[in-house]
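See below for the structure under consideration.
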Amino acid sequence: VGRLCEQKGAYEAIQIAIKSKLPLLLFGRVGFTDERQKYYNDKIKPYLSEKIKYMGEVNHGGLLKYIKNARATLLPTQRPEVWPNVIIESLSSGTPVITSNQPPFNEMILSDKIGKSSDSITELVDAVVNINHFSRNVCREYAKQKFDGKIMSKKYFSLYKKILNI
């Protein structure tokens with residue numbers, strides 16, 4: 001989801017799909033820079049098949065339909081990110097998240113019932129293969145408890161008070 005570049009881990013997602021023998025849908029934009037075109041042509045395009053499909057860019061509503069019906073959201077991101085909303089959207093939809101151990105992914109997936117956070121491709125493949133280990137109901141409840149707007153507002157307010165020594 002987002003940009004198809006090294007940082008987002010599209011190549012790693014493809015390798016996980018191949019090793020798990022499960023289908024993969026890739027979403028995002030290739031971009032026009034030489035670097036992004038090379039990444040797509042070298043690391044993604046050669047692996048596209050009936051089981052591994054590049055879906056291009058999809059609007060937010062369309063993406064949510066795919067997420068809601070997915071076995072899992074796979075995010076083997078290679079570098080830290082700011083705050084990936086796709087994790088919250090996935091969990092809120094009841095979709096487990098399989099992700100790298102990069103911040104904040106590893107800070108968001110704190111229960112082994114909602115997903116897996118690891119830098120080991122082998123562990124991520126195992127999580128994908130054993131997807132029934134995760135609970136869609138627990139994913140939804142976890143998202144509600146951790147990421148609900150009111151709860152997040154209270155947490156931010158509490159943090160600001162702490163920072164300002166109020």
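All values below were derived from every heavy atom in this structure, side-chain atoms included, with hydrogens, water molecules and symmetry-related copies excluded. Numbering starts at 1 and runs along the sequence shown.
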Verify the neighbour count for atom [atom1] of [X]: are there more than 12 heavy atoms of other residues, nucleotides or ligands below 6.0 Å?
X: E6; atom1: CD; value: no
X: E107; atom1: CD; value: yes
X: K155; atom1: NZ; value: yes

Between [X] and [Y], is there a shared hydrophobic cluster once you connect ILVMFWY residues whose side-chain heavy atoms come closer than 4.5 Å?
X: F27; Y: F32; value: no
X: I87; Y: W83; value: yes
X: V138; Y: I151; value: no
X: Y156; Y: I88; value: yes

Please tell me if the side chains of [X] and [Y] come closer than 4.5 Å, counting only heavy atoms from C-beta onward.
X: Y54; Y: V30; value: yes
X: I121; Y: K19; value: yes
X: R140; Y: L91; value: no
X: Y66; Y: M55; value: yes
X: D42; Y: Y11; value: no
X: I114; Y: S135; value: no
X: L75; Y: V86; value: yes
X: L22; Y: R71; value: yes

Look at the side chain of [X] and the backbone N and O of [Y], then say whether any donor-acceptor pair between them is shorter than 3.5 Å.
X: N59; Y: G62; answer: yes
X: T77; Y: R79; answer: no
X: E141; Y: C139; answer: no
X: S158; Y: K154; answer: no

Residue pairs involving residues 88-101 (criterion side chain to side chain donor-acceptor pair (under 3.5 Å); sequence neighbours excluded): H60-E89, T73-S90, T95-R136, N101-S117

Roughly how far, to the nearest 0.5 Å, is [atom2] of [Y] from [atom1] of [X]?
X: K51; Y: S49; atom1: NZ; atom2: OG; result: 8.0 Å
X: K43; Y: K38; atom1: NZ; atom2: NZ; result: 8.5 Å
X: I16; Y: L24; atom1: CD1; atom2: CG; result: 9.0 Å
X: S20; Y: Q15; atom1: OG; atom2: CD; result: 11.0 Å

Partner set under side chain to side chain contact (heavy atoms under 4.5 Å, CB included) for A72, not counting sequence neighbours: I98, I131

With E81 via salt bridge (Lys or Arg N to Asp or Glu O under 4.0 Å) - residues at least two apart: K8

Heavy-atom pair of closest approach, residues I52 and L26: CG2-CD1, 4.5 Å

Shortest non-hydrogen contact from P104 toward P84: CG-CD, 3.5 Å

Other ILVMFWY residues reachable from L159 by side-chain steps of under 4.5 Å: I163

Nonpolar side-chain network containing F157, other nodes, edges under 4.5 Å: none

Summary of salt bridge (charged side-chain N to carboxylate O under 4.0 Å, His left out) pairs that have at least one residue in residues 110-126, sequence neighbours excluded: K116-E123

